[in-house]
Amino acid sequence: MKDKVYKIIELTGTSTKSIEEAVNLALKRAGKTIKNLAWFEIVETRGSIENNQVAHWQVTIKVGFTVE
């Protein structure tokens with residue numbers, strides 16, 4: 001069957017370094033228990049401030065994976 005069905009979950013990754021690292025950490029952790037990760041969409045980006053600088057990133061993503 002060529003047509004696919006996807007399930008979507010929402011995750012929030014965090015990082016003190018970058019938005020990209022926050023996304024990658026969320027995907028890496030999800031990949032430990034979920035098969036067939038296929039795509040992601042950034043839903044929300046926020047962070048905390050210390051000494052007038054970004055101290056921590058929080059990135060919420062929707063992740064789609066194929067249902068077997």
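Position 1 is the first residue of the sequence; numbering continues from there.
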> In chain order, what residues pass the salt bridge (charged side-chain N to carboxylate O under 4.0 Å, His left out) check against Glu44, with sequence neighbours excluded?
Replying inline: Arg46
Per-pair distances, 0.1 Å, donor-acceptor, side chain in residues 61-68, under 3.5 Å, sequence neighbours excluded:
{"residue": "Glu68", "atom": "OE2", "partner": "Asn36", "partner atom": "ND2", "Å": "3.1"}

>> Please determine whether residues Ile34 and Phe40 belong to a single hydrophobic cluster, defined as Ile, Leu, Val, Met, Phe, Trp and Tyr linked transitively by side-chain heavy-atom distances below 4.5 Å.
In response: yes
> Got a second to check how far Arg29's CZ is from Leu25's CG, nearest 0.5 Å?
Replying inline: 11.5 Å
> Are Ile42 and Val54 in one and the same hydrophobic cluster, where Ile, Leu, Val, Met, Phe, Trp and Tyr link if side-chain heavy atoms are under 4.5 Å apart?
Replying inline: yes
> Cluster question for you: counting only ILVMFWY and a side-chain heavy-atom cut-off of under 4.5 Å, with indirect links fine, are Ile8 and Val23 together?
Replying inline: no
> What residues, two or more places apart in sequence or in another chain, satisfy side chain to side chain donor-acceptor pair (under 3.5 Å) together with Asn24?
Replying inline: none
> Partners of Glu21 by side chain to side chain donor-acceptor pair (under 3.5 Å), sequence neighbours excluded?
Replying inline: Ser15
> When hydrophobic residues are tied together by side-chain contacts of less than 4.5 Å, even through go-betweens, does Leu11 share a cluster with Val43?
Replying inline: no
> Under the side chain to side chain donor-acceptor pair (under 3.5 Å) test, which residues partner Thr16, sequence neighbours left out?
Replying inline: none
>> Check this for me: Glu20, atom CD, are more than 12 non-hydrogen atoms of other residues, nucleotides or ligands nearer than 6.0 Å?
In response: no
>> Would you compute the distance between atom CD of Glu10 and atom OG1 of Thr12 and round it to the nearest 0.5 angstrom?
In response: 6.5 Å
>> So, using side chain to side chain contact (heavy atoms under 4.5 Å, CB included) as the criterion, who are the partners of Ile19 when residues are at least two apart?
In response: Thr45, Trp57, Val59
